[in-house]
S.K.: 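Following this message is one structure expressed as structure tokens.
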Amino acid sequence: MGNLKDTAAIALVDCNNFYVSSERAFNPKLAGIPVVVLSNNDGCVISRSNEAKAFIPMGAPLFQYEKVLEENEAEIFSSNYELYGDMSDRVMNSLQSFTPEVEIYSIDEAFLGLQETQKGFDYIGKEIQEKIFKWTNIPVGVGIAETKTLAKIANRIAKKSDKAKGVLDLYKSPYQDIALDRTAIGDVWGIGRASIKKLETINIKTALQFRDADLRWVKKNFTVVGGRTLLELRGVRCLPLELEPPPKESITCSRSFGELVTEYKPLQMAMSCYLMNAVEKMRHHRLAARSLTVFIETNKFQLDSFYANSYTYKSAYPTDNLFELQHWASESIKKIYRENFAYKKAGVILSGLILSESTTARLYEQPNPKHERLNKAIDEINKKFGKGTVHLAIAHMGKWQMKRERMSPRYTTRLDEIMKIH
DNA sequence: TCTGGGGTCCTAGGACCC
DNA sequence: TCTGGGGTCCTAGGACCC
């Protein structure tokens, strides 16, 4: 971390409407028209092209907007995470060619550490934008400033303003005060709904007002987190670039069902399926879990008949063995399942994760070596033939599976779907 | 009929210990 | 009788992020 001290500026590179842009990257017919991508289960709109932003809000439930979408001749896609994940890798790999100081912050965002050069940051920003588009077909915005929080603000303005054309350098800029004055407090990274409300009562409405507020008061009312945000707005770097991804603390797999589930059996099957996903990911990271949480819930929009519960199974012996975890899961579901409820959603959380090679030897119960070999075999097959090729017998399909009625081909990761390009 | 999923960090408060 | 006080660990829940 010491070598990062001389990083002059931080750039935030953020893909525009990332899921929509990924769809467009392989389908030129989608250019210039309204396009939206839906959440799992085709429930909500989670990515919109600029044309679609004019008439549909973020997070809009599809059923409320089907008519509007049709009137505007919008193209609608189910989410295709294999495609987006692969496009994300391409963008992130491309960014590495500009600097080794790349923090992958999310599927569509990265922070870059930039050194001062003669070209100037604005020039570098434009270069990044141009090359990423050339190499991946994904348009990005670039915001540059002293800190992550300021870079976020620069990025936001860069995307909104026609003049900036997606790149804005606010590093030691005389325009910083103007930028902060025009940024609503709720658009500051780290300031959410609850904080907006609290700040309203003392008449703080802009990023500039927050920056110039009393630090002690902010710390008292918004903890150290709020204090950091304030200092970052003043140009004091509190959030360093994290070049190595921090070790995972938990892995979740949860889904809403395509159809409501009342019976025990299909619930158990769904849970097995989610567990397999989660365990596959966990083993991929060479981790083992100390505890497993299972949760179920009915439709949260129907409060009169709502039931939700969870149970956490804990063991002194962390495990990465699917069969053992399957046992933990079934024990847990038994404890929280209630008859006569229509369940809408369920999930599993693996937590207390540690590196699997550091699991302590067991004094009494030895893990079954047959199981271990079988687990390894499953890893191999899934790696070779794609996720979820091998299932536990109990994890077979059912009506609870999610709807994905409008999915595009997985152009980049499935050989059999590559040829479907129009 | 239909309303996503996957994370982290922080704090307060209880249990427990000396 | 006037009911210490500090430390640590754990958990639940809030807040926020993409």
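Sequence lines set the chain letters: A, B, ... in the order given, protein chains first and strands last, and positions in each chain run from 1.
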S.K.: Applying a 4.0 Å non-hydrogen cut-off, can you work out what Val348(A) is touching in the nucleic acid: base, sugar-phosphate, or nothing?
M.R.: nothing

S.K.: Enumerate, atom names and distances included, each donor-acceptor pair closer than 3.5 Å involving a side-chain atom of residues 47-55 of chain A, sequence neighbours excluded.
M.R.:
{"residue": "Ser47(A)", "atom": "OG", "partner": "Val20(A)", "partner atom": "N", "Å": "3.3"}
{"residue": "Arg48(A)", "atom": "NH1", "partner": "Ile56(A)", "partner atom": "O", "Å": "2.8"}
{"residue": "Ser49(A)", "atom": "OG", "partner": "Ile33(A)", "partner atom": "O", "Å": "3.4"}
{"residue": "Ser49(A)", "atom": "OG", "partner": "Val35(A)", "partner atom": "N", "Å": "2.9"}
{"residue": "Ser49(A)", "atom": "OG", "partner": "Glu51(A)", "partner atom": "OE1", "Å": "2.9"}
{"residue": "Ser49(A)", "atom": "OG", "partner": "Ala52(A)", "partner atom": "N", "Å": "3.3"}
{"residue": "Asn50(A)", "atom": "OD1", "partner": "Asn17(A)", "partner atom": "ND2", "Å": "3.2"}
{"residue": "Glu51(A)", "atom": "OE1", "partner": "Arg24(A)", "partner atom": "NH2", "Å": "3.0"}
{"residue": "Lys53(A)", "atom": "NZ", "partner": "Asn17(A)", "partner atom": "OD1", "Å": "2.7"}

S.K.: Give the nucleotide from the list dC9(B), dG6(B), dC16(C) with an atom nearest to the side chain of Ala194(A).
M.R.: dC16(C)

S.K.: Any side-chain N or O of Lys344(A) below 4.0 angstrom from OP1/OP2 of dG4(B)?
M.R.: no

S.K.: Would you say Lys67(A) reaches dC2(B)'s phosphate, i.e. side-chain N/O to OP1/OP2 under 4.0 Å?
M.R.: no

S.K.: Is Gln64(A) touching bases, backbone alone, or none of the nucleic acid, heavy atoms closer than 4.0 Å?
M.R.: nothing

S.K.: Quick one: which of dC17(C), dC16(C), dG4(B) gets closest to the side chain of Tyr81(A)?
M.R.: dG4(B)

S.K.: Between Glu109(A) (CD) and dC18(C) (P), how many Å, whole number?
M.R.: 6 Å

S.K.: Per the side-chain contact (heavy atoms from CB on, under 4.5 Å) rule, which among Leu38(A), Asn40(A), Asn41(A) passes with Ser79(A)?
M.R.: Asn40(A)

S.K.: Please work out whether the ring planes of Tyr337(A) and Tyr343(A) are parallel, tilted or perpendicular, with thresholds of 30° and 60°.
M.R.: tilted

S.K.: Considering every strand and a 4.0 Å limit on heavy-atom distances, what is the contact class for Lys152(A): base, sugar-phosphate, or nothing?
M.R.: sugar-phosphate

S.K.: Check step by step if side chain to side chain contact (heavy atoms under 4.5 Å, CB included) holds for Tyr274(A) and Met269(A).
M.R.: CA-CA 9 Å; Tyr274(A) 304 158; Met269(A) 290 193 333; over 6 Å; no

S.K.: Between dT11(C), dC17(C), dG7(B), which nucleotide has the shortest distance from any of its atoms to the side chain of Lys314(A)?
M.R.: dT11(C)

S.K.: Looking across every strand, which nucleic acid part, if any, lies under 4.0 Å from Asn41(A) by heavy atom: base, sugar-phosphate, or nothing?
M.R.: nothing

S.K.: Are any of Lys345(A)'s side-chain N or O atoms less than 4.0 Å away from OP1 or OP2 of dG5(B)?
M.R.: yes

S.K.: Considering only side-chain heavy atoms of Asn299(A), which listed nucleotide, dC18(C), dC2(B), dG5(B), is closest?
M.R.: dC2(B)

S.K.: Can you find a side chain N or O atom of Lys219(A) that sits less than 4.0 Å from OP1 or OP2 on dT11(B)?
M.R.: no

S.K.: When the C1' atoms of dC16(B) and dG4(C) are compared, how many Å lie between them, rounded to an integer?
M.R.: 16 Å

S.K.: Give me the one residue out of Ile104(A), Val13(A), Ile107(A) that meets side-chain contact (heavy atoms from CB on, under 4.5 Å) with Met92(A).
M.R.: Ile104(A)

S.K.: Could you tell me whether the phosphate oxygens of dC17(C), OP1 or OP2, come under 4.0 Å of any side-chain nitrogen or oxygen in Ser106(A)?
M.R.: no

S.K.: Find out whether the Lys NZ or Arg CZ of Lys300(A) is both under 6.0 angstrom from the six-membered ring centre of Phe306(A) and within 45° of the ring's axis.
M.R.: no

S.K.: Hey, does Arg228(A) reach any base, or is it just sugar-phosphate, or nothing, if we go heavy atoms under 4.0 Å?
M.R.: sugar-phosphate

S.K.: If you check every side-chain atom of Ser256(A), which of dT3(B), dG7(B), dG5(B) has the closest atom?
M.R.: dG5(B)

S.K.: Is there a side-chain polar atom (N or O) of Ser195(A) under 4.0 Å from OP1 or OP2 of dC16(C)?
M.R.: yes

S.K.: Taking the side chain of Arg255(A) as heavy atoms from C-beta outward, which of dG5(B), dG4(B), dC9(B) is closest to it?
M.R.: dG5(B)

S.K.: Could you give the CD1-to-P distance, from Ile56(A) to dT3(B), as a whole number of Å?
M.R.: 15 Å

S.K.: For Tyr311(A) and dA12(C), give me the distance from atom OH to atom C1', rounded to whole Å.
M.R.: 16 Å

S.K.: Which part of the nucleic acid, if any, lies within contact of Asp108(A), taking any heavy atom under 4.0 Å across all strands shown: a base, the sugar-phosphate backbone alone, or nothing?
M.R.: sugar-phosphate

S.K.: From C-beta outward on Thr223(A), which listed nucleotide comes closest to its side chain: dC17(C), dT8(B), dC10(B)?
M.R.: dC10(B)

S.K.: Taking the nucleotide of DNA chain B with the closest heavy atom to each, which residue, Pro246(A) or Ser254(A), is nearer the 5' end?
M.R.: Ser254(A)

S.K.: Would you say the base of dT3(B) stacks on Phe301(A) (centre-to-centre below 5.5 Å, plane angle below 30°)?
M.R.: yes

S.K.: Starting the side chain at C-beta, find the nucleotide from dC2(B), dG4(B), dG7(B) nearest to Phe63(A).
M.R.: dC2(B)

S.K.: Report the residue (Gly43(A) or Val224(A)) whose heavy-atom-nearest nucleotide on DNA chain B is the more 5′ of the two.
M.R.: Gly43(A)

S.K.: Between dG6(B) atom C1' and Leu350(A) atom CG, what is the distance in whole Å?
M.R.: 13 Å

